[in-house]
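Note that this is a predicted model, so its numbers are computed, not measured.
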Amino acid sequence: MLPAITVLQSLVCGTTALFAYHYARRRLRSRPPGPSGYPIVGNVFDLEDSKEGESIAALSKKYGSDVIYMEVFGMPLAMLNSRAAMDLLDKRGQLYSDRPHLPMASEFSGMGDLTPLVRYGEKFQFGRRLMNQALSTRAVTKWERGIAEQSRGMLRLLHNRPKEFIDHLNKYVSS
């Protein structure tokens, strides 16, 4: 059996090596300038919630770039601070438009085909178009009469049989 001190030394060395590898790998990638963050949390403390725009402008001036790179809890962020950068996104938005990959919410749960969880592409655009047709302000006016009738029906049931309100709620929430 190995002495406890040897096991502890191995764990400390292994953890240090992992952090060093992660830090070096992160530094070697080419990316825009930006503040270096803390391990694990990244740059979460570099932006004030109430003055985010001012913080980005100050960082842009400090690093001399319209694009600032940050990481927050391992998620890379590119902060843009110029009209030219915004125009670039308008013209080439499809190249940069995507959402984070969420394997627990999509693949492991079996709900990967739901529009909110689909990565940007033809399938996402098709689902978004369908949702917009059914849920736009103009489309919802078609549903107002039916919604009002169902609401009155639920209120009638609640008034006539208040002790069964859980059954009424289940019926109307699921319909």
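Distance alone, capped at 3.5 Å, is enough to place a donor-acceptor pair between the Asn43 side chain and the Pro35 backbone. When atom types are taken as modelled, the side chain of Ser60 and the backbone of Ile56 share no donor-acceptor pair closer than 3.5 angstrom. No donor-acceptor distance shorter than 3.5 angstrom exists from the side chain of Ser65 to the backbone of Ile68, with no hydrogens or angles considered.
Looking at Val72 and Leu77, their side chains come closer than 4.5 Å, going by heavy atoms from C-beta outward. The side-chain heavy atoms of Met111 and Leu117, taken from C-beta on, include a pair separated by under 4.5 Å. Residues Val44 and Phe73 have side chains in contact (heavy-atom distance under 4.5 Å, counting atoms from C-beta outward).
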| message | What verdict does the salt bridge (charged side-chain N to carboxylate O under 4.0 Å, His left out) test give for Arg161 and Asp167, after you've listed the backbone C-alpha separation in whole Å, the side-chain angles of each residue and the deciding distance to 0.1 Å? | response | CA-CA 10 Å; Arg161 291 180 277 164; Asp167 294 332; over 6 Å; no
| said: The test is side chain to side chain contact (heavy atoms under 4.5 Å, CB included); show your working for Lys123 and Asp113 and say whether it passes. | reply: CA-CA 9 Å; Lys123 191 173 187 179; Asp113 291 333; 2.7 Å; yes
| task | I would like to know whether Tyr120 and Gln125 meet side chain to side chain contact (heavy atoms under 4.5 Å, CB included); could you show each step before the answer? | result | CA-CA 7 Å; Tyr120 191 83; Gln125 290 174 334; 3.0 Å; yes
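Taken from OG1 in Thr115 to CZ in Arg128, the straight-line distance is 10.5 Å, to the nearest 0.5 Å.
Of all non-hydrogen atoms in Tyr69 and Pro76, the two that sit nearest each other are OH-CB, 3.5 Å. Of all heavy-atom pairs between Leu135 and Val140, the closest is O-CG2, 3.6 Å.
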